[in-house]
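Both ligands and their constituent atoms are indexed starting at 1 by order of listing. We number each residue from 1, following the sequence as shown. Quick caveat, the model's predicted, so the values are computed rather than measured.
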Amino acid sequence: MGRVAMVTGGTRGIGRAIVERLKADGFKVAAGYAGNEEAARACCDELGVMIVRGNVGEFEDCQRAVAEVEAELGPVDVLINNAGITRDAMLHKMTPQQWNEVIFVNLASIFNMSRQVIDGMRERGYGRIINISSINGQKGQMGQTNYSAAKAGVIGFTKALAQETANKGITVNAVAPGYIDTEMVQAVPQAVMDKIVGGIPVGRLGKAEEIAACVAFLAREDASFITGACLTVNGGQYMAA
Ligand code: CAA
């Protein structure tokens with residue numbers, strides 16, 4: 001029987017590719033989503049995975065969502081904290097709402113979700129937590145003080161929790177994608193997009209499947225000696241140490 005994997009933001013973009021890949025690798029997968037019912041239904045029908053609605057920015061909602069998944073599929077051994085949003089604006093134009101939404105959905109969510117599964121992972125002596133950060137958490141990005149702060153915070157969280165759980169059979173790692181061809185990146189103004197792609201040595205946007213392959217690698221049982229790492233996957237746009 002495959003282990004259970006839960007992927008937040010798992011019905012669209014990078015998350016959906018991760019769901020598809022983990023399913024193909026033999027996991028029982030639950031895909032979380034915030035509110036796009038159409039995408040969630042398509043994910044469920046086309047990939048044959050459980051879908052669960054919830055707001056990763058709210059602790060109690062995460063508690064309920066994880067309980068639903070565990071009741072249907074069993075204990076969550078693999079958690080992929082992928083859900084994320086952008087609310088881009090220069091700081092001098094950014095509203096408190098734009099700041100708070102991004103911090104809650106992209107950073108508080110990592111606590112809200114990991115806290116639900118950590119006790120069970122510790123008891124069973126096994127777990128994989130993989131947090132999706134971003135190139136923009138590593139290098140900063142104009143127009144994204146909120147997003148860059150949240151995604152940098154994800155890396156700090158990853159390193160701290162990795163230390164707490166290293167002797168419990170639980171690895172905690174981050175993946176930092178560059179610009180990937182998803183709805184989120186397609187929303188960037190075209191003139192800006194042209195500049196960005198011009199700065200990617202590989203010469204193109206990344207594919208969601210290329211991120212999913214890295215996540216699947218870290219989710220494997222034999223990736224057991226990798227913890228606290230941040231895997232940079234950006235076509236050479238930023239070569240972080
Ligand atoms: N790279 C290079 N130049 C950029 C840039 C970027 N990412 N973002 C903005 N600029 C440039 C613009 O081209 C423009 O330059 P010029 O004055 O020479 O024309 C200048 O900065 C000001 O930009 P705007 O005229 O667009 O100013 P604005 O106030 O209307 O909007 C903005 C500013 C909100 C930052 C808007 O430009 C924007 O949305 N930029 C994209 C920011 C970005 O990269 N977001 C990433 C989203 S995808 C993602 O986050 C996924 C991930 O993990 C990688």
Side-chain angles (χ1 to χ4, degrees), residues 7-19 21 32-34 36 39 56-57 80-110 113 130-159 173-215 218 229-241:
V7 184
T8 67
T11 64
R12 291 192 289 149
I14 290 173
R16 184 178 154 131
I18 295 170
V19 166
R21 175 62 191 255
Y33 70 104
N36 186 326
V56 291
I80 317 296
N81 284 313
N82 165 76
I85 58 170
T86 52
R87 296 289 182 269
D88 292 357
M90 303 293 236
L91 184 69
H92 61 273
K93 296 180 190 167
M94 189 176 288
T95 63
Q97 189 180 354
Q98 287 173 315
W99 171 264
N100 287 330
E101 282 179 6
V102 169
I103 295 299
F104 272 88
V105 174
N106 296 12
L107 180 58
S109 60
I110 309 290
M113 286 299 298
I130 300 159
N131 300 319
I132 305 303
S133 177
S134 164
I135 184 176
N136 293 342
Q138 296 174 299
K139 71 169 185 57
Q141 171 57 51
M142 64 188 298
Q144 288 198 311
T145 49
N146 50 4
Y147 189 88
S148 297
K151 292 297 189 180
V154 167
I155 297 173
F157 177 101
T158 299
K159 292 177 178 176
N173 291 291
V175 173
Y179 283 73
I180 308 301
D181 194 6
T182 61
E183 283 171 48
M184 180 185 276
V185 167
Q186 284 153 12
V188 172
Q190 191 55 49
V192 175
M193 204 59 244
D194 294 344
K195 275 194 202 173
I196 292 171
V197 175
I200 303 175
V202 167
R204 62 168 173 84
L205 295 176
K207 298 178 191 143
E209 296 74 27
E210 291 170 318
I211 303 303
C214 298
V215 171
L218 293 170
C230 179
L231 191 51
T232 295
V233 193
N234 61 31
Q237 188 183 352
Y238 182 71
M239 300 189 184

Practice problem: Assess Gly199 for proximity to ligand 1: is some non-hydrogen atom of it under 4.0 Å away? | Solution: no
Exercise. Mark up the atoms of ligand 1 that fall under 4.0 Å of a heavy atom belonging to Met184, in ascending order.
Key: 49 (C), 51 (C)
Quiz item: Taking C-beta and beyond as the side chain, do Leu231 and Asn173 meet within less than 4.5 Å on heavy atoms?
Solution: no
Quiz item: In the protein, what heavy atom is nearest to atom 50 (O) of ligand 1, and what distance, to one decimal place, separates them?
Solution: Gln144 NE2, 2.9 Å
Quiz prompt | Closest protein heavy atom to atom 10 (N) of ligand 1, given as residue, atom name and distance to 0.1 Å | solution = Met142 SD, 3.7 Å
Practice problem: Just let me know how Ala191 lines up against ligand 1, side chain, backbone, both or neither, with a heavy-atom cut-off below 4.0 Å. | Solution: neither
Quiz prompt | Nitrogen or oxygen atoms of Thr86 and ligand 1 under 3.5 Å apart | solution = no
Practice problem: Do me a favour and list the nearest non-hydrogen protein atom to atom 8 (N) of ligand 1 with residue, atom name and distance? | Solution: Val192 CG1, 3.4 Å
Practice problem: Assess whether side chain to side chain contact (heavy atoms under 4.5 Å, CB included) is satisfied between Tyr179 and Asn136, documenting all intermediate values. | Solution: CA-CA 9 Å; Tyr179 283 73; Asn136 293 342; 3.1 Å; yes
Quiz item: Relative to ligand 1, is Ile196 under 4.0 angstrom through side chain, backbone, both or neither, heavy atoms considered?
Solution: side chain
Exercise. Run the numbers on Asn36 and Thr11 for side chain to side chain contact (heavy atoms under 4.5 Å, CB included), then give the verdict.
Key: CA-CA 9 Å; Asn36 186 326; Thr11 64; 5.6 Å; no
Quiz item: Can you tell me the protein heavy atom closest to atom 39 (O) of ligand 1 and the distance?
Solution: Pro189 CD, 3.7 Å
Quiz item: Hey, is atom 2 (C) of ligand 1 under 4.0 Å from any protein heavy atom?
Solution: yes
Practice problem: Answer with side chain, backbone, both or neither: which part of Lys93 has a heavy atom less than 4.0 angstrom from an atom of ligand 1? | Solution: side chain
Quiz item: Of all the atoms in ligand 1, which lie at a distance below 4.0 Å from a heavy atom belonging to Gly178?
Solution: 54 (C)
Exercise. Among all protein heavy atoms, pick the one closest to atom 6 (C) of ligand 1 and tell me residue, atom and distance.
Key: Gln141 NE2, 3.3 Å
Quiz item: Is atom 21 (O) of ligand 1 less than 4.0 angstrom from at least one protein heavy atom?
Solution: yes
Practice problem: Considering heavy atoms of the protein only, find what lies nearest to atom 32 (C) of ligand 1 and give residue, atom and distance to 0.1 Å. | Solution: Gly143 CA, 4.7 Å
Quiz prompt | Proximal candidate to atom 48 (S) of ligand 1 [heavy atom criterion; set Asn106, Thr182, Val185, Ile14] | solution = Val185
Quiz prompt | Ser109 and Asn81, any side-chain heavy atoms less than 4.5 Å apart | solution = no
Self-check item: Nearest atoms (heavy-atom pairs only) where Val233 meets Cys214
Solution: CG2-SG, 3.8 Å
Quiz item: Any chance NZ of Lys159 has more than 12 other-residue heavy atoms, nucleotides or ligands included, within less than 6.0 Å?
Solution: no
Quiz item: Which residue and non-hydrogen atom of the protein lie closest to atom 14 (C) of ligand 1, and at what distance in Å?
Solution: Lys195 NZ, 4.1 Å
Quiz prompt | Minimum side-chain heavy-atom gap Asp181-Lys207 below 4.5 Å | solution = no
Quiz item: For Met142, what residues pass the side-chain contact (heavy atoms from CB on, under 4.5 Å) criterion, not counting sequence neighbours?
Solution: Met90
Quiz item: So, for atom 25 (O) of ligand 1, does the protein have a heavy atom nearer than 4.0 Å?
Solution: no
Quiz prompt | Minimal non-hydrogen separation, Val154 against Ser133, with atom names | solution = CG1-CB, 4.1 Å
Quiz item: Taking C-beta and beyond as the side chain, do Gln138 and Cys230 meet within less than 4.5 Å on heavy atoms?
Solution: yes
Practice problem: State the atoms of ligand 1, each with its element, that fall below the 4.0 Å cut-off from a heavy-atom position in Ser134. | Solution: 52 (C), 53 (O), 54 (C)
Practice problem: For atom 45 (N) of ligand 1, grab the closest protein heavy atom and report residue, atom and distance to one decimal in Å. | Solution: Asp88 OD2, 2.8 Å
Quiz prompt | Pairwise side-chain contact, Ile85 with Asn106, heavy-atom cut-off 4.5 Å (strictly under) | solution = yes
Self-check item: Heavy-atom closest contact (Ala83 atom, Thr8 atom, distance)
Solution: N-OG1, 2.9 Å
